Amino acid sequence: MFYPNTCCVLTKLGLKKLFVFLGLMLFCIPSNWAQQHTRDSLHNEINQLKAKSSFSKNDSTYINLLSELGSSIRYLNTDSVLIISKEVYEYSKLADYPKGKVAALGLIGNYYSDRGDNPDAIHHYKKAYEIAKELNSNPQMLRLLNDIAGAYEYQGDYAKALDKYMSGILLATKVKDSIMLSIMNENIANLYSSQHDYKQALEFYEKVKFINNKLGDKIFTAETNANLASLYADAGNYDYAMFHANKSISVFEKAKILDWLAYAYEVKGKVYLKQEKYKWALHWYNQSDLLHKKIEDKRGQIDLYNGMAQAYYGLNKNDLAKTHAQRAFQISNEINSIEGKQQCAKTLYQIYKEKEQHTEALAFHELFQHLSDTLSRDENKKSLGMLQTEMIYQKRQEQLVLENEKKLAQQQNYINLAIVAIFIFIVALLVRRKIDRKQKKFNAVLKTKASILRKRELELKEMNRTKDKMFSIIGHDLRSPIGAFQGILRLFNDKEMSGEEFLEQIPKLSQDVNHIAFTLNNLLSWGHTQMKGAVTKPSLVALDNLVIDNINLLSEVANHKSLKIVNKICPNTLIWSDANQIDVVIRNLISNALKFTSEKGMITIEATEKNKHWEVSIRDTGVGMDLETQSKIFAKNENFTTYGTNSEKGTGLGLSLCKEMVEKNNGTIWVESTVNRGSCFYFTLPKAERAYKKTA
């Protein structure tokens, strides 16, 4: 039998639901002693089975016992878990035993999740879910939905996490699985808490407490109290936080559940930390640390060591603070915890700033800002907002159903009265026919208006996409360099950075300012075209002058990377186009070539005369692109961008903007590229002929 996610690790905020299914479901003894007893029992059963003369590794009983053993040692020996899970999968494959495959794939997903490899974890969970779905195995499907959602949450994709949790709640409601209803509602509450929407989080916790009361399980209630304590601590309600923490600790100590007890101690330390009672905070953090030496919970260690670092920092013990913060940061990198790296970067910035190590402080400050921007993506907040709207909508729907039921009851009374008298029935029939005729006319009007509304809705969605894209670029690509600039100026103004140190930062500041200016120029041009405010005004234009101007403009970037730009366009190469729009095209394509060409490379610009147009090419000796990348770069609704050879940033707007402006000038644009050999962008423009000049 397979119980996925038997002991789910904590999220970065310490709010992820942790369940001990083996102790709860197999023996109803929720403690670490029960888990040890479970492992011993499984070993005995496996040995007894092997001793039989009829023993076969393909036997479903043996496969089930192996999968349960793998689950029971998840936090004791992760390498053994992987070995066992692969054996379970092979034996299940030979025995044609789908449930065994689900168990094995779930265990492999747990292994990758604990190592922070969320994409591989999601891949195996989804593969297991598809098999469970074919088997119509609801318990396995529910636990896998929760696992998938948890993996998405760990990698910061709250939108997909929320979608999976909601799917799980619908299924759990349908099959009346109260345990999974409690777990998934609590996980959604934790999503809101991570967005600092404590009011909405508490509404979901009310549902969780209601379900837990029906279940009547003290351990489940204690787990919820521990999570509530963390929430109240983050919300600044320290009395409530301490009350719930103490209630959970008393249960965990009595039951000897070490993993949850370590978490509860850490939460209590956090409560004291937020009240600046640093010695008491360290006392409880140390209690938690002692327990962490007996268990393997890397996500839990991140909060613990970062909290200890902040406590030592509050006591002016900066060396100890630095040691613990670096330890937490290292674990965050090992399991790719974005939130962990964000919080540790903030702590290390404060410590290095206090130690007057300004270069390190600035580096961690930039990292903190970058990670903060990533974690606050609009799509996550929108998804949570959509859920809140959906709840309001559901409440309104329930009210409408009640009102409709009352109206139907009244109508039934009227019908009964109409049956009594024939003449009332006839009158009612005539009235009904008259109403039907009016209704048909009314429906026709509504249909026309609905068509108009749909058209306007599409226009509004397009404008919203444009707005969202602009805000995304402003928030993500402009905020970080401006924030870094502000950070340096603040350090300089506060006399925490010497003039000599400030001058060392000038080259970086110059690059950031050039990036901001280039991004703003592209953003304004693109926004102008998207808002339908840009009108193409063709005129006689000397293409060679535009190219020379842009080469001069970007010469500093080329010199910085020792790149050679060769202009082979002949003088008086005349085109009939909008000079401003083609200037943007040339600047973006040359900038792109500079970005993706390594040092000492070459960029060649040529124009070939055709029958009625010029074919312009900008060729580089850079890194090139594969076919998949080539298919994405010109897409209108894609925000596809990569980093250059020197980690230069981009917005993803440049090439889609080039395509739009070339096409506005009756031209076409395309690319030919080979990986590691370079790329060549081609575009065509109308020749300046006499017919065009007369029109001008």
Side-chain angles (χ1 to χ4, degrees), residues 359 362-363 366 370 477 480-481 484-485 503-519 521-522 543-571 573 582-608 614-630 632-634 640-658 669-683:
T359 302
L362 179 60
E366 288 184 341
H370 170 70
D477 293 282
S480 292
F485 190 38
L503 290 175
E504 290 176 359
Q505 301 293 330
I506 292 299
K508 183 180 185 307
L509 291 178
S510 176
Q511 291 178 7
D512 286 346
V513 170
N514 288 338
H515 169 70
I516 292 169
F518 190 83
T519 300
N521 188 50
N522 268 355
L543 181 63
D544 56 309
N545 290 340
L546 289 181
V547 172
I548 292 170
D549 289 344
N550 279 287
I551 290 174
N552 293 335
L553 179 66
L554 298 170
S555 60
E556 184 179 347
V557 179
N559 293 336
H560 182 70
K561 295 178 72 173
S562 300
L563 299 176
K564 183 178 181 181
I565 302 177
V566 179
N567 179 16
K568 294 185 177 182
I569 296 180
C570 299
T573 301
I582 302 307
D583 185 53
V584 171
V585 172
I586 293 170
R587 183 165 63 254
N588 270 281
L589 292 179
I590 295 177
S591 176
N592 243 30
L594 292 171
K595 177 180 173 182
F596 291 104
T597 302
S598 300
E599 293 186 357
K600 297 183 180 179
M602 178 181 290
I603 297 163
T604 307
I605 306 168
E606 296 182 87
T608 305
W614 288 97
E615 183 180 282
V616 185
S617 65
I618 298 179
R619 184 183 304 274
D620 62 61
T621 59
V623 297
M625 294 176 284
D626 56 28
L627 292 176
E628 182 182 358
T629 303
Q630 293 177 45
K632 292 180 179 179
I633 56 175
F634 290 117
F640 184 80
T641 182
T642 56
Y643 285 87
T645 57
N646 283 356
S647 299
E648 301 97 329
K649 297 179 181 178
T651 64
L653 277 180
L655 293 176
S656 61
L657 183 62
C658 289
I669 186 169
W670 69 97
V671 65
E672 295 176 359
S673 182
T674 304
V675 176
N676 296 327
R677 294 186 63 181
S679 303
C680 185
F681 284 85
Y682 297 90
F683 63 94

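Treat the numbers as computed from the prediction; the structure is a model and nothing was measured. Values reported hereafter were calculated over all heavy atoms of this structure, with side chains retained and with hydrogens, waters and symmetry mates removed.
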Contacts table for residues 545-554: side-chain donor-acceptor under 3.5 angstrom, sequence neighbours left out:
residue	atom	partner	partner atom	Å
Asn550	ND2	Leu546	O	2.9
Asn550	ND2	Asp583	OD1	2.8
Asn552	ND2	Ile548	O	3.3

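The nearest pair of heavy atoms linking Ile669 to Cys658 is CD1-CB, 4.1 Å. The nearest pair of heavy atoms linking Leu594 to Lys561 is O-NZ, 2.8 Å. Contact between Ser679 and Ser673 at its shortest, heavy atoms only, is OG-OG, 2.7 Å. Contact detail for Ser617 and Cys680: the closest heavy-atom pair is CB-SG, 3.8 Å. Val671 and Met625 get closest at one heavy-atom pair: CG2-CE, 3.7 Å. Minimum interatomic distance between Ala593 and Ile618 (heavy atoms only, all atoms of both residues): CB-CG2, 4.5 Å.
Separation of atoms CZ (Arg677) and OG1 (Thr621) is listed at 11.5 Å; rounding is to 0.5 Å. Here the CE-CG distance, from Met602 to Leu563, works out to 10.5 Å after rounding to the nearest 0.5 Å. Atom OH of Tyr682 and atom OG1 of Thr608 lie 8.5 Å apart (nearest 0.5 Å). Separation of atoms OG (Ser555) and NE2 (His560) is listed at 13.0 Å; rounding is to 0.5 Å.
Put simply, the side chain of Lys568 reaches to within 4.5 Å of the side chain of Thr604, judged on heavy atoms. A heavy-atom distance below 4.5 Å is not found between the side chains of Lys632 and Thr629. Contact check for Leu655 versus Asn588: no side-chain heavy atoms found under the 4.5 Å cut-off.
The side-chain contact (heavy atoms from CB on, under 4.5 Å) with Ile586 is formed by just one residue from the set Val616, Ile605, Leu543; it is Leu543.
For residues 615-627, the set of pairs meeting the salt bridge (Lys or Arg N to Asp or Glu O under 4.0 Å) definition, not counting sequence neighbours, is empty.
Ring-plane geometry between Phe681 and Phe634 is classed as perpendicular, the angle between the planes exceeding 60 degrees on a 0 to 90 degree scale with a lower cut at 30.
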